[in-house]
*Asks:* 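Structure incoming, see below.
In this text, all values refer to a predicted model and were calculated from it rather than measured experimentally. We use all heavy atoms of the structure for the numbers below, so side chains are in, but hydrogens, waters and symmetry mates are not. Along the sequence shown, residues carry numbers from 1.
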Amino acid sequence: METSRIAVAGASGLIGSALVRSLTADGHEVVRLVRRTPRAKDEVEWDPDRQYVDAAGLVGCDAVVNLAGAGIGDHRWTDEYKRKIRDSRLLGTAALAEAVASLDRAPRVFLNGSAMGVYGDTGERAVDESAPPGIGFLPSLCVEWEEAAAPAEEAGIRTVFARTGLVVAAKGGAWGRLFPLFKAGLGGRMGDGRQYWSYIALHDHVAALRYLIDSESLSGPFNLTAPEPLTNREITAAMGRVLHRPAVFAVPAPVLKIVLGEMAQEVLGSQRVLPTRLLESGFTFAFPGIEEAIRAVR
């Protein structure tokens, strides 16, 4: 097995930490970008807010992966927090893209995070990477987020955008908040439950990232979602079955809007997103169905 040197920003997050574990388990050298003075030889300092990256620490990297950004669901979407969500992605992406573009020996690939939120509310309409951006805060953010990687693309570096769906994980992310509720027998549909949720098992998400890193012919946007999106009603019913708990508690839309504010639009909105480019390239999902994805992490 040929080993690589791979830099990861956002290495402490849900997806980043899982990716780092997977890479190191296979003998790859991982360089973690940290927002403080490095304490170990595998750390490189950066400060997204100041758009600073110690580019010397990226020398010799075969790939640079950027998964950094303030949590979408961590706080109510006040104007201040929306600005933090935006700046943490755009400034960090621009800084890293410029850093890799400045290297004499550029990495083979710059893999940048993005989100299926780029499509906005699609209702019952299935969309793939060929669909145009939607309208609203998240679609606009995702468009700017991907555009911020332009320095890497213009330098001729293969650039990939991972448009992430809802990651099925026992801890962390949106799903990490669902598991305790369902295990306590307090789970159920949200709103009318007819909105589509495009999910992906954490294992498959990490596998897809590694596949995109290794596949020299692939660039541009890729939807990281399971092949068959399901409605919120179907998913919550599956959670109940797998966890052997009732899933009868429904949270009315007005309550969600009071509790979550503007972010409720994302919970109640429908996103039927298909991983067309990933499937056409030959990627195989280990946990394509919702019940197997839940069982894999429960």
*Asks:* Go through the steps to decide whether L202 and L14 satisfy the test side-chain contact (heavy atoms from CB on, under 4.5 Å), and finish with yes or no.
*Replies:* CA-CA 9 Å; L202 179 59; L14 169 66; 4.1 Å; yes
*Asks:* Starting at CZ of R189, measure out to CD1 of I235 and round the result to the nearest 0.5 Å.
*Replies:*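 These two atoms lie 14.5 Å from each other.
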*Asks:* side-chain contact (heavy atoms from CB on, under 4.5 Å) between V109 and V160: does it pass, once the steps are laid out?
*Replies:* CA-CA 7 Å; V109 58; V160 182; 4.0 Å; yes
*Asks:* With distance as the sole test, does E129 use its side chain to make a donor-acceptor pair with the main-chain N or O of R277 at under 3.5 Å?
*Replies:*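 The answer is yes, because a donor-acceptor pair under 3.5 Å joins these two groups.
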*Asks:* Near R36 CZ, under 6.0 Å, is it more than 12 heavy atoms from other residues, nucleotides or ligands?
*Replies:*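 Yes, enclosed.
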*Asks:* Is it true that a side-chain atom of H28 and a backbone atom of S4 form a donor plus acceptor pair closer than 3.5 Å?
*Replies:*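 Yes, the answer is positive, given that a donor and an acceptor are paired below the 3.5 Å cut-off.
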*Asks:* Please report the C-alpha distance between H205 and L209 in whole Å, then the side-chain angles of each, then the deciding distance to 0.1 Å, and finally whether the side-chain contact (heavy atoms from CB on, under 4.5 Å) criterion is met.
*Replies:* CA-CA 6 Å; H205 195 291; L209 291 178; 3.7 Å; yes
*Asks:* Test your reading of the model: is there a side-chain donor-acceptor pair from D62 to the backbone of R5, 3.5 Å cut-off?
*Replies:*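 The answer is yes, because a donor-acceptor pair under 3.5 Å joins these two groups.
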*Asks:* Using modelled atom types only, decide if a donor and an acceptor are shared between the side chain of R163 and the backbone of F222 within a distance under 3.5 Å.
*Replies:*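 The answer is no, because no donor-acceptor pair under 3.5 Å joins these two groups.
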*Asks:* Is any side-chain heavy atom of F287 less than 4.5 Å from a side-chain heavy atom of I200?
*Replies:*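 Answer no - side chains too far apart.
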*Asks:* Would a 4.5 Å heavy-atom cut-off, applied to side chains only, mark L218 and Y211 as touching?
*Replies:*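 They are in contact (side-chain heavy atoms under 4.5 Å apart), so the answer is yes.
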*Asks:* Assess whether atom CD of E43 is packed by more than 12 heavy atoms of other residues, nucleotides or ligands within 6.0 Å.
*Replies:*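 For E43, atom CD is crowded (more than 12 foreign heavy atoms under 6.0 Å).
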*Asks:* Within the 4.5 Å heavy-atom criterion, are W77 and I85 side-chain neighbours or not?
*Replies:*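 In short, these two side chains touch, coming nearer than 4.5 Å.
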*Asks:* Show the numbers, then the answer: is there a salt bridge (Lys or Arg N to Asp or Glu O under 4.0 Å) between R295 and E291?
*Replies:* CA-CA 6 Å; R295 287 194 182 96; E291 291 198 16; 3.2 Å; yes
*Asks:* Just by modelled atom types, is the G289 backbone N or O under 3.5 Å from a matching donor or acceptor in the E292 side chain?
*Replies:*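 At least one qualifying donor-acceptor pair exists.
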*Asks:* Indicate whether the side chain of T231 and that of W197 have a donor and an acceptor atom separated by less than 3.5 Å.
*Replies:*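 On atom types as modelled, these side chains do not qualify, holding no pair under 3.5 Å.
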*Asks:* Quick one, E153 with T159, criterion side-chain hydrogen bond (donor to acceptor under 3.5 Å, both in side chains). Give me CA distance, side-chain angles, the key distance, then yes/no.
*Replies:* CA-CA 6 Å; E153 292 184 287; T159 304; 4.8 Å; no
*Asks:* What about L166 and Y119, same hydrophobic cluster or not, with Ile/Leu/Val/Met/Phe/Trp/Tyr joined at side-chain heavy-atom distances under 4.5 Å?
*Replies:*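 Both belong to a single hydrophobic cluster.
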*Asks:* Looking at side-chain heavy atoms only, is the closest gap between V297 and V168 below 4.5 Å?
*Replies:*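 Heavy-atom side-chain distance check passes, below 4.5 Å.
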*Asks:* Could you give the distance from CZ (R89) to SG (C142), rounded to the nearest 0.5 Å?
*Replies:*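 Between atom CZ of R89 and atom SG of C142 there are 8.0 Å.
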*Asks:* Just by distance, do the side chain of S17 and the backbone of G13 share a donor-acceptor pair under 3.5 Å?
*Replies:*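 Side chain of S17 to backbone of G13, a donor-acceptor pair under 3.5 Å: yes, one is there.
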*Asks:* What's the shortest heavy-atom distance between R35 and A68, and which atoms?
*Replies:*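 What the structure gives for the nearest pair is NH2-CB, 4.1 Å.
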*Asks:* Within the side chain of R158, is there an N or O that forms a donor-acceptor pair under 3.5 Å with the backbone of I213?
*Replies:*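 Yes; judged by distance alone, with no hydrogens or angles, the pair exists.
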*Asks:* When hydrophobic residues are tied together by side-chain contacts of less than 4.5 Å, even through go-betweens, does V8 share a cluster with V206?
*Replies:*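 Cluster IDs for V8 and V206 match.
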*Asks:* Side chain of S270, backbone of Q195: donor and acceptor closer than 3.5 Å?
*Replies:*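 Judged by distance alone, no pair lies under 3.5 Å.
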*Asks:* Apply salt bridge (Lys or Arg N to Asp or Glu O under 4.0 Å) to the pair K82 and D87, showing each step before the final yes or no.
*Replies:* CA-CA 9 Å; K82 285 164 70 174; D87 289 351; over 6 Å; no
*Asks:* Between D192 and R233, does the salt bridge (Lys or Arg N to Asp or Glu O under 4.0 Å) criterion hold? Intermediate values first, please.
*Replies:* CA-CA 8 Å; D192 61 19; R233 186 187 296 270; over 6 Å; no
*Asks:* In Å, rounded to the nearest 0.5 Å, how long is the span from OG of S102 to CG of L58?
*Replies:*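 So the OG of S102 and the CG of L58 are separated by 8.0 Å.
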*Asks:* Is the distance between the ring centroids of F283 and F285 less than 6.0 Å?
*Replies:*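 Between F283 and F285, the centre distance is under 6.0 Å.
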*Asks:* I want to check something: taking the side chain as every heavy atom from C-beta on, are Y196 and R125 in contact at a cut-off of under 4.5 Å?
*Replies:*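 Y196 vs R125: side chains apart.
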*Asks:* Do L230 and M116 sit in one hydrophobic cluster, given that two such residues count as connected whenever their side-chain heavy atoms are within less than 4.5 Å of each other, even indirectly?
*Replies:*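 In one cluster: yes.
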*Asks:* Strictly distance-based, threshold 3.5 Å: is any side-chain N or O of Y199 a donor or acceptor partner for the main-chain N or O of I290?
*Replies:*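 A pair under 3.5 Å: yes.
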*Asks:* Do other residues, nucleotides or ligands put more than 12 heavy atoms under 6.0 Å from E216 CD?
*Replies:*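 Yes, enclosed.
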*Asks:* Give a yes or no on whether a salt bridge exists between R210 and D26, defined as a side-chain N under 4.0 angstrom from a carboxylate O.
*Replies:*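 A salt bridge links R210 with D26.
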*Asks:* Kindly compute the distance separating CG (L23) from OG1 (T3), expressed to the nearest 0.5 Å.
*Replies:*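 Those atoms lie 11.5 Å apart.
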*Asks:* Measure from the side-chain N and O atoms of D204 to the backbone N and O of A286, and report whether any donor-acceptor pair falls under 3.5 Å.
*Replies:*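 Flag set: sc D204 to bb A286 pair under 3.5 Å.
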*Asks:* For a 4.5 angstrom cut-off between non-hydrogen side-chain atoms, does L212 reach L224?
*Replies:*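 With C-beta onward as the side chain, the pair touches.
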*Asks:* Any chain of hydrophobic side-chain contacts (each under 4.5 Å) joining V248 to L186?
*Replies:*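 Yes, V248 and L186 fall within the same hydrophobic cluster.
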*Asks:* Do L243 and F179 come within less than 4.5 Å of each other through their side chains, counting heavy atoms only?
*Replies:*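 They are in side-chain contact.
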*Asks:* Would you give the length of the straight line joining atom CG of L67 to atom OG of S114, rounded to the nearest 0.5 angstrom?
*Replies:*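 It is 11.5 Å, given to the nearest 0.5 Å.
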*Asks:* Could you check whether atom CZ of R108 has more than 12 heavy atoms from other residues, nucleotides or ligands sitting under 6.0 Å from it?
*Replies:*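 Above 12, so yes.
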*Asks:* A106 and V100: which non-hydrogen atoms are nearest, and at how many Å?
*Replies:*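 Nearest heavy atoms, A106 then V100: CB-O, 4.1 Å.
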*Asks:* Does a salt bridge link E124 with R272, judged by any charged N lying under 4.0 Å from a carboxylate O?
*Replies:*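 Here E124 does not pair with R272 in a salt bridge, since their nearest N and O are not under 4.0 Å apart.
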*Asks:* Using 0.5 Å steps for rounding, measure from the OH atom of Y81 to the OG atom of S88.
*Replies:*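 OG of S88 is found 7.5 Å from OH of Y81.
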*Asks:* Could you please spell out the steps behind the side-chain contact (heavy atoms from CB on, under 4.5 Å) verdict for I6 and V31?
*Replies:* CA-CA 6 Å; I6 300 172; V31 175; over 6 Å; no
*Asks:* Any side-chain donor-acceptor pair under 3.5 Å between T225 and N223?
*Replies:*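 Not at all, the side chains of T225 and N223 share no donor-acceptor pair under 3.5 Å.
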*Asks:* Can you confirm whether L96 sits close enough to L33 that some side-chain heavy atom of one is under 4.5 Å from a side-chain heavy atom of the other?
*Replies:*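 Result yes, sub-4.5 Å side-chain heavy-atom pair found.
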*Asks:* Can you find a side-chain donor-acceptor pair between T122 and Q271 that sits under 3.5 Å?
*Replies:*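 On atom types as modelled, these side chains do not qualify, holding no pair under 3.5 Å.
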